[in-house]
Amino acid sequence: MKRVGIIGVGEYLPKKILTNADLEKMVATSDEWITTRTGIKQRRLVSSHEAASDLAINAAKEALKDAGIKPQGLDLIIVATITPDMQFPSTACFVQAALGAKNAVCFDISAACAGFVYAIVVAQQFIARGTYKNALVVGTEVLSSITDWEDRSTCVLFGDGAGAAVLSEVKSGGILSTYLGGDGSLADLLMLPGGGSRNPATHKTIDKRLHYLKMEGNEIFKSAVKIMTHTAQIALKQAGLKCSDIDLVIPHQANVRIIMAMAKRLGLPEEKIYLNIEKYGNMSSASIAIALCEAVRIGRIKKGDIILLDAFGAGLVWGACLIKW
Ligand code: ACO
């Protein structure tokens with residue numbers, strides 16, 4: 001088996017900013033409530049012409065440049081998203097065409113906020129076995145397209161963006177361990193009920209607002225803390241490492257209280273947790289991807305550092321990945 005690592009990262013955030021003050025004018029909420037309950041101050045939103053693939057393409061170009069790989073050198077493109085451009089073809093196909101990555105196999109993964117970690121693990125399998133050499137993994141979301149802007153319990157939480165990583169064989173370091181899990185019995189806690197084959201889009205489904213995401217925030221909150229802690233512990237155990245060996249955790253950015261509760265359970269100091277939720281909110285599969293890119297760019301991640309990616313999301317699904325940078 002080959003050793004696999006991330007050799008380039010990229011990100012793209014749409015220009016438009018929606019602040020908590022803007023939301024105060026849209027629903028019965030306050031900056032104080034949103035900040036203390038979630039840690040979010042603002043989020044980015046796409047403009048009307050931008051879809052998930054447009055964000056993905058920008059992030060992908062940056063990651064390819066960072067990796068020093070031409071689009072034709074890609075063998076595999078995996079896009080993690082719950083807001084694809086359309087039901088089919090896959091968003092990965094649009095990305096492949098726009099990049100001119102004509103040698104790449106392409107498909108999407110639906111694993112909500114754990115999508116980027118799931119996609120990394122899938123890409124790793126192909127590279128480790130020697131099936132493919134270079135893989136592009138993108139987490140991209142236009143969550144504003146499935147957000148009910150009249151529901152204050154959810155509309156304050158989400159944002160749009162994309163992050164990308166190029167994976168390839170590395171001589172040292174790279175992915176040390178991975179762990180994925182899921183519990184479909186908890187699917188009801190967070191879903192987009194309309195528009196699929198269960199409830200195909202009709203005037204009735206639109207009137208019932210089934211084309212917007214529905215969430216039991218409280219229940220997810222409790223599960224998330226337990227799951228993220230457990231997931232981190234398993235990944236560490238598999239790599240034969242301790243919490244104190246971690247230099248930086250890049251957690252899924254759903255709620256600062258979830259992240260800090262997880263850090264406390266793991267006994268990790270605050271300075272070892274990377275947070276950008278304040279600026280972007282929860283961008284589902286794009287959150288970890290963008291946070292990873294940002295942390296690299298600003299020098300929070302240095303060569304030789306031990307990094308933990310730790311995610312959970314709708315499904316419920318979860319995943320962790322320990323990387324020596
Ligand atoms: N502004 C003001 N008040 C609000 C708002 C708002 N935006 N939203 C809810 N409230 C009110 C509620 O109506 C409730 O009022 P009541 O006590 O009079 O009934 C009160 O605030 C408390 O509501 P809770 O839902 O209990 O608030 P909680 O502290 O649980 O915070 C939150 C809600 C932020 C959603 C939290 O539960 C959370 O972060 N959950 C996890 C979300 C998550 O991680 N999702 C999964 C990932 S996303 C993905 O996979 C796509």
Side-chain angles (χ1 to χ4, degrees), residues 18-43 52 80-84 108-119 139-163 180-184 186-193 211-229 231 251-262 275 277-278 280-291 309-319:
L18 186 77
T19 64
N20 290 350
D22 296 327
L23 280 163
E24 284 175 355
K25 293 177 205 138
M26 296 161 63
V27 287
T29 191
S30 65
D31 172 49
E32 198 264 331
W33 191 96
I34 303 170
T35 307
T36 53
R37 298 288 178 125
T38 71
I40 302 166
K41 293 299 263 183
Q42 60 179 48
R43 65 289 292 143
T81 186
I82 52 167
T83 48
D108 289 0
I109 280 187
S110 173
C113 305
F116 185 68
V117 173
Y118 263 64
T140 184
E141 301 292 0
V142 181
L143 293 179
S144 58
S145 67
I146 56 166
T147 297
D148 185 344
W149 293 103
E150 292 177 13
D151 174 11
R152 70 173 182 174
S153 70
T154 54
C155 76
V156 301
L157 304 173
F158 303 108
D160 302 334
L180 299 180
D183 182 358
L186 298 172
D188 285 353
L189 296 183
L190 179 52
M191 57 168 55
L192 181 70
H211 54 299
Y212 293 129
L213 71 82
K214 313 285 174 209
M215 183 173 80
E216 302 283 338
N218 253 314
E219 287 309 309
I220 295 201
F221 191 106
K222 285 181 249 164
S223 299
V225 176
K226 273 188 245 159
I227 288 168
M228 288 182 83
T229 308
T231 302
H252 174 51
Q253 314 273 321
N255 186 317
V256 78
R257 291 186 294 137
I258 292 175
I259 296 170
M260 287 312 161
M262 177 266 299
L275 287 175
I277 187 171
E278 183 178 340
Y280 308 129
N282 178 352
M283 298 174 289
S284 193
S285 71
S287 275
I288 287 183
I290 288 172
L309 312 183
D310 194 351
F312 77 96
L316 296 181
V317 289
W318 51 88

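Not measured: the values here are computed from a predicted model. We count ligands from 1, going down the list as the structure has it; atoms in each ligand are counted the same way.
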If the threshold is 4.0 Å, N to carboxylate O, is there a salt bridge linking Asp151 and Lys214? no

Do you know which two heavy atoms are closest between Thr140 and Ala52, and how far apart they sit? OG1-O, 2.8 Å

Would you mind reporting whether Asp148 and His211 have side-chain heavy atoms less than 4.5 Å apart? no

Report the C-alpha distance between Asp310 and Thr231 in whole Å, list the side-chain angles of each, state the deciding distance to 0.1 Å, and finish with yes or no for side-chain hydrogen bond (donor to acceptor under 3.5 Å, both in side chains). CA-CA 7 Å; Asp310 194 351; Thr231 302; 4.6 Å; no

Go through the steps for Asp183 and Trp318 under the test side chain to side chain contact (heavy atoms under 4.5 Å, CB included), then give the verdict. CA-CA 9 Å; Asp183 182 358; Trp318 51 88; 3.8 Å; yes

Set of residues that line ligand 1, where lining means a heavy atom lies under 4.0 Å from it: Ala28, Thr29, Trp33, Arg37, Thr38, Ile82, Ala112, Cys113, Arg152, Ser153, Val156, Leu157, Phe158, Leu190, Met215, Gly217, Asn218, Ile220, Phe221, Ala254, Asn255, Arg257, Ile258, Asn282, Ser284, Phe312, Gly313, Ala314

Does Ala80 have any side chain to side chain contact (heavy atoms under 4.5 Å, CB included) partners at least two apart in sequence or in another chain, and if so, which? Ala119, Ser285

